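Following: one structure in structure tokens, then a few remarks.
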Amino acid sequence: MSIIHLHGKSFEPFLPEALIQEKVKELAEQLDNDYTDKKPLFIAILNGSFMFAADIFKYLTIEAEICFIKLASYKGTKSTGQVITAIGLDTDIHNRHVIILEDIIDTGKTMNEFLPQLFNQQPASLKVAILLHKPNATEFNIKIDYCCFSIPNKFVLGYGLDYDGYGRNIKEIYQIIEEGKK
Ligand code: IMP
Ligand code: MG
């Protein structure tokens with residue numbers, strides 16, 4: 001692993017592939033234990049979580065369903081501000097044990113708007129499983145039930161996460177080298 005350059009920014013190796021796989025496998029084992037006989041429904045949020053979701057699902061051995069959705073935000077009224085809607089959620093979540101799979105919680109704004117919409121549909125339970133959390137960037141009070149890594153408040157890419165559309169196919173996670181730093 002060495003420094004990579006994308007759109008004029010430089011990124012250095014941060015989380016190696018083997019460590020990511022180890023943590024994702026551990027999380028899948030925890031989910032296996034916590035959801036035995038519950039036939040949970042995983043809702044993976046595209047695009048960023050596609051690799052994380054695929055690996056979690058490969059390691060999982062219990063009976064479970066997965067669906068993939070996209071969150072679109074559009075300008076609401078003056079009082080509502082940005083509004084987030086789920087595209088592609090065609091499975092009824094009423095009385096289901098639901099687990100959200102998300103790549104990263106940064107400010108927490110996305111989850112803060114989306115989770116109440118799911119609660120309204122009265123799932124049997126609703127939990128949040130994420131790959132990365134930036135606790136120092138999080139401004140909204142989100143209950144994170146499962147998390148692989150807590151990371152500093154710096155931009156990262158790879159393993160599904162992008163910088164301006166690129167970098168998703170990198171197997172490791174890279175962190176931005178901040179300007180001024182050699
Ligand atoms: P939040 O609403 O601020 O928590 O932002 C969540 C979304 O922002 C994630 O689903 C990512 O798509 C994106 N994001 C936040 N931080 C990063 C990062 O460091 N790298 C790539 N995408 C990020
Ligand atoms: Mg995302």
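This one's a predicted model, so the numbers in the text were calculated from it and none came from an experiment. Note that ligands are numbered from 1 as they come in the structure, with each ligand's atoms numbered from 1 the same way. Along the sequence shown, residues are numbered consecutively beginning with 1.
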Inset, instruction - Could you grab the distance from atom CD1 of Ile100 to atom OG1 of Thr110, nearest 0.5 Å is fine? - result: 12.0 Å
Legend entry - Distance in Å, Lys58 NZ paired with Lys25 NZ, rounded so as to fall on 0.5 Å steps: 13.0 Å
For ligand 1, is any non-hydrogen atom under 4.0 Å from [X]'s backbone (N, CA, C, O), its side chain (CB onward), both, or neither?
{"X": "Leu161", "result": "side chain"}
{"X": "Glu102", "result": "side chain"}
{"X": "Thr138", "result": "neither"}

Could you tell me, atom by atom, which parts of ligand 1 come under 4.0 Å of a heavy atom of [X]?
{"X": "Thr110", "result": "1 (P), 2 (O), 5 (O), 6 (C)"}
{"X": "Asp103", "result": "9 (C), 10 (O), 11 (C), 12 (O)"}
{"X": "Asp162", "result": "21 (C)"}
{"X": "Lys134", "result": "16 (N), 17 (C), 18 (C), 19 (O)"}
{"X": "Thr107", "result": "1 (P), 2 (O), 3 (O), 4 (O)"}

Inset, instruction - Please name the residue in the list Ile173, Leu6, Ile176 that meets the side-chain contact (heavy atoms from CB on, under 4.5 Å) test with Leu157. - result: Leu6
Would you give me the side-chain donor-acceptor pairs under 3.5 Å for residues 158-169, sequence neighbours excluded?
unit_1	atom_1	unit_2	atom_2	d
Tyr159	OH	Asp55	OD2	2.7
Asp162	OD1	Arg168	NH1	3.4
Asp162	OD1	Arg168	NH2	3.3
Asp162	OD2	Gly165	N	2.7
Arg168	NH1	Gly160	O	2.8

Inset, instruction - Answer yes or no for Gly108: is there a heavy-atom contact with ligand 1 below 4.0 Å? - result: yes
Legend entry - Contact check, Leu157 vs ligand 1, heavy-atom distance below 4.0 Å: no
Inset, instruction - Specify whether Phe57 and Phe42 have parallel, tilted or perpendicular ring planes, treating 30° as the upper limit for parallel and 60° as the lower limit for perpendicular. - result: perpendicular
Legend entry - Contacts of Lys23 that satisfy side-chain hydrogen bond (donor to acceptor under 3.5 Å, both in side chains) - sequence neighbours left out: none
Legend entry - Side-chain donor/acceptor of Thr138 to backbone N/O of Asp106, under 3.5 Å: yes
